[in-house]
Every structure is written in C-alpha cells, then in structure tokens.
Amino acid sequence: MKILKVETNFRRKLFWDVHEHKFREKLKNQERGLLNVYPEMEFQEIIGFGGAFTEASGYCLKQVGENIADNIMADYFSENGLNYSFCRTPIGSSDFSVSPYSYMKTNDMDTFSIERDELYLMPMIKFALQKNPKLKLLASPWSPPAFMKSNKMLMLGGRLLEKYSAMYAKYLARYLLEYQKKGIEIDYMTLQNEPNATQVWESCLYSAEEEARFAKNEVYPELMKNGIQTKILAWDHNKERLYTRGKEIFSIANDCVCGMAMHWYSGDYFEEIALMRRQFPNKLMIHTEGCTGYSHFRKEDEINNAEIYGHDMLGDLDAGVNAFIDWNMVLDYKGGPNHKHNYCNAPIMLEKDNKGYVKNLTYYYMGHFSKYIKPGAKKIGYSRFTMDIEMTAFKNLDDSIVVVLLNRKDINQEFNLQLNGEIYHDNLDSHAILTFVITKS
C-alpha cells in the first residue's frame, strides 16, 4: 500500500508538506503505539466541506483586482485549493452584511426583490459554481422582515407573528425560486440562524415547538406546492441542547425536517451529536458555522485558532456529522465588514491596502479535511492508544483511506498506523496536523 503524508506544522513552516511512503512492516506482535484503522466498519456519509458566502466576503472580492479575486476563489474551490463542495449563504442580511436589509419592507408580495443580493452575494456564488459546478448550497435566514416580527425590527430577537407565518413561508419559497431563476439551486435550508439568541444584529426567537410547527404547517407545504426540492434542517445553533431540541423537533415534524444544523460557540458537546446519531440514524447533522478571533488578530494566536478548527472538526466528524461548513470565506484586514462591528477571523483575509491577501493557519487546517475527504466518503472505524492524538478516518468512493491526526500537546507523539495487518511507523510533532491518504500500490 502507498501512503501520501500531508503535514502542516506552523513552527517548522510546513504547510501541506507532501511526501509519499509505503507500509513497510507486517504486523507481528506489535502492541504499543497503535492507531488501528478498520475500513469494513462504515458509519455516516459525507456531503462535503465548505464556508459561507456572505455579503462581507462578496464585498471584499469587489475591492481587489480580478486576478486576486480569481486566485482567492481558486484557493477555495479548485482541487489544488480547499476543494470546497458544500457552502452556506444568508437569506437576507446577517451581521456580516454591509448594512441590514430584507427582500420585502411591506406586506405586499409584489414588492419582493433579491436585487440587493445581485450586488455582492450572487456574483461570488456564481464565481464558485464556475469553479465547482457540483457545489451544494445551504441557506439560512437571520431574521424575517421587520414588519412580520413582534418587535418590528430585524435586530434584537423578537418573534415571528403568527398572522405572518404563512406569508413568511411564501417569502422563503420565493427566495428559493428567484435563486433558481438565476441558476443557483439551494439544496438545504434552515428556518432560522441561532433561534435561541437575542442578538444586537439580525435575529429572531423560536421555541422548538414554534420552529417545528412552522416547518410542518407552513414551509414544507409551500415548498411542495411550488415543486421545490430544497430540504429543511432545524436548529442551526449551538450543540449544548442539540439532542433535546432534536427530540422536540422530530416529535412534531419528523416527516418534513431532514436533520439538524449546529454551531460550535458554546463548547464541544460531541456527545450531543453522538446521541442524535444513535437516536436518529437516518437524519442529517451538519455543522453550519464557526469562527475564531473576535476582533483580536495576533500572530501568536495562529496555532490556537487553527487547533480550534482541527479539534472541532475531528470531534464532530467522529461523533457523526455529515458535513462541516465554516463561516466567512474572505474578510478585510479588520475582520469585516460587519455592520455591528462583530469582527472575526477568516481563513483568508485581505491585506490593508487590498493589493493582496493572507492565508491564516486555519486555511491549511481546513484543507487537511476538505482536500482529501470527498463527497460520498464514509466514516470508518478506528482505535488509538492515546487520547493525546486526536483522530478520524474515512473511506472515499474510490476506496482510498483518509486518516487525519492532530496533536495539540506540547510533546511529540510516536505512533504505528495499522491497516490490514501492515504498519507505518511515524512521529506526530507537537502542535501539528497530519493527513494520510492510503491507496493500493
């Protein structure tokens, strides 16, 4: 068997450093330091990896020259880049919009218009589809139009007024149809970004029952009436109550909600994903947002930020998620634009003069998954001798095996990777990440 070793090691200035090796030893009586991989043990299937098309990212691409914009998009969507295959986009404005907006300001559906999206958002999405025509998309609203809400604002939470629930379902369906007309198919949709949070930016509150009944009684029938194939996901918030929320949602709307979406901001809670996977094995689970930085951009934080990504992706994938989507793909040097100054990092950020861009370490850590674990891959079994090495393993449709290892500790870790009775011996440096792609000789 051949083994392609890909290493990123910030301290040694290695970024996707690639070497080819072979398994050289037959398994005899080796007992120590084993990382065992079992391809015959298959679990969930992967839809893909990606990031978010936000108005902020689209705006940033408009600020740089055409060649730089093309290079950035190739860095994300080409096989030589991150090979992104599944991305998210807001329905209407989010905090990472240049300014707040919705597609209607009055209760007259004839005023519905997605013209604003054609300025920054759609050009970026269409650019990506040129790079990867098989790209799948997920859309999420941050708020219904202000007139539909109890507080009459896009911001500060509030709730969807019951008298507007049918109209809002038509609004969401109209969004999907208008995007279809522009050649953009939305494969999945959540009903509300972070429905348990009152934010100073666009937000709206839903209880589990409200969200489930809105899906069952309004949105799903409206999609079916219009022949729209977009699948509905629920929650789209943090993991600490994923299982509880999932039980409530599926007790009401099991037939019309295909799965749960989640963010990472409240902590790991990988067990919540595992419980969902065990209780609802046929439902999708998709990580739809995560970021780092929060207005602090220090070089000494690069490793910690990247390891937040690596740790969460490994934990989520191991517990049962079907896809992992990052937040903004491109931001300016301040971490914006953001109309509420809620700045954060992105894997790619523009230089101050907009004449170039920087790939943060998170970019390379994302690539250790997205470049090698392909859509259709299945999670496979493994065992490890120590929790100090974080690990996952997948089998692609071409039968290649992908193993990702992360060491967040301050000491190196020797190991023996074992597959089908053969061993590959190696060392995982402290604060480094490795991806192995194993194929038949």
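Since the model is a prediction, treat every value here as computed from it, not as a measurement.
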Do the charged groups of [X] and [Y] touch, with an N to O distance under 4.0 Å?
X    : Y    : value
E218 : R213 : no
K231 : D187 : no
E202 : K340 : no
D332 : K352 : no
D236 : R88  : yes

Discussion item. Within the 4.5 Å heavy-atom criterion, are T89 and L121 side-chain neighbours or not?
Written reply: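 Sidechains of L121 and T89: in contact.
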
Worksheet item: Within 45° of the six-membered ring axis of W16 and under 6.0 Å from that ring's centre, is NZ or CZ of K371 located there?
Response: yes

When you measure from the side chain of [X] to the backbone N and O of [Y], does any donor-acceptor pair fall under 3.5 Å?
X    : Y    : answer
N416 : R32  : yes
H287 : E289 : yes
Y76  : M329 : yes
T230 : I186 : yes
T392 : V404 : no

Worksheet item: Parallel, tilted or perpendicular: which fits the ring planes of H237 and W235, with parallel below 30° and perpendicular above 60°?
Response: tilted

For [Y] together with [X], are the ring centres under 6.0 Å from each other?
X    : Y    : answer
W327 : F96  : yes
Y188 : F86  : yes
Y364 : F10  : no
F214 : Y168 : yes
Y175 : Y171 : no
Y309 : H311 : no

If we count only N and O atoms by modelled type, under 3.5 Å, do the side chains of [X] and [Y] hold a donor and an acceptor together?
X    : Y    : result
H431 : D429 : no
S430 : D410 : no
S400 : D398 : yes
R408 : N304 : no
N83  : S370 : no
Q199 : E194 : yes
D95  : H339 : no

Item to complete: Would you give the length of the straight line joining atom CD of E307 to atom CG of D312, rounded to the nearest 0.5 angstrom?
Response: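 Rounded to the nearest 0.5 Å, the CD-CG separation comes out at 13.0 Å.
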
Discussion item. To the closest 0.5 Å, what do you measure between CG (L176) and CG (L137)?
Written reply: 11.0 Å

Practice prompt. Measure across K247 and F280 and return the closest heavy-atom pair with its distance rounded to 0.1 Å.
Written response: CA-CZ, 4.1 Å

Worksheet item: Do Y365 and T8 pass the side-chain contact (heavy atoms from CB on, under 4.5 Å) test, and can you show the C-alpha distance, the side-chain angles, and the key distance before you say yes or no?
Response: CA-CA 7 Å; Y365 272 55; T8 293; 3.9 Å; yes

Practice prompt. Check R277, E45, Q44 against N322 for a side chain to side chain donor-acceptor pair (under 3.5 Å) and give me the one that passes.
Written response: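 Running side chain to side chain donor-acceptor pair (under 3.5 Å) over R277, E45, Q44 with N322 returns exactly one hit, R277.
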
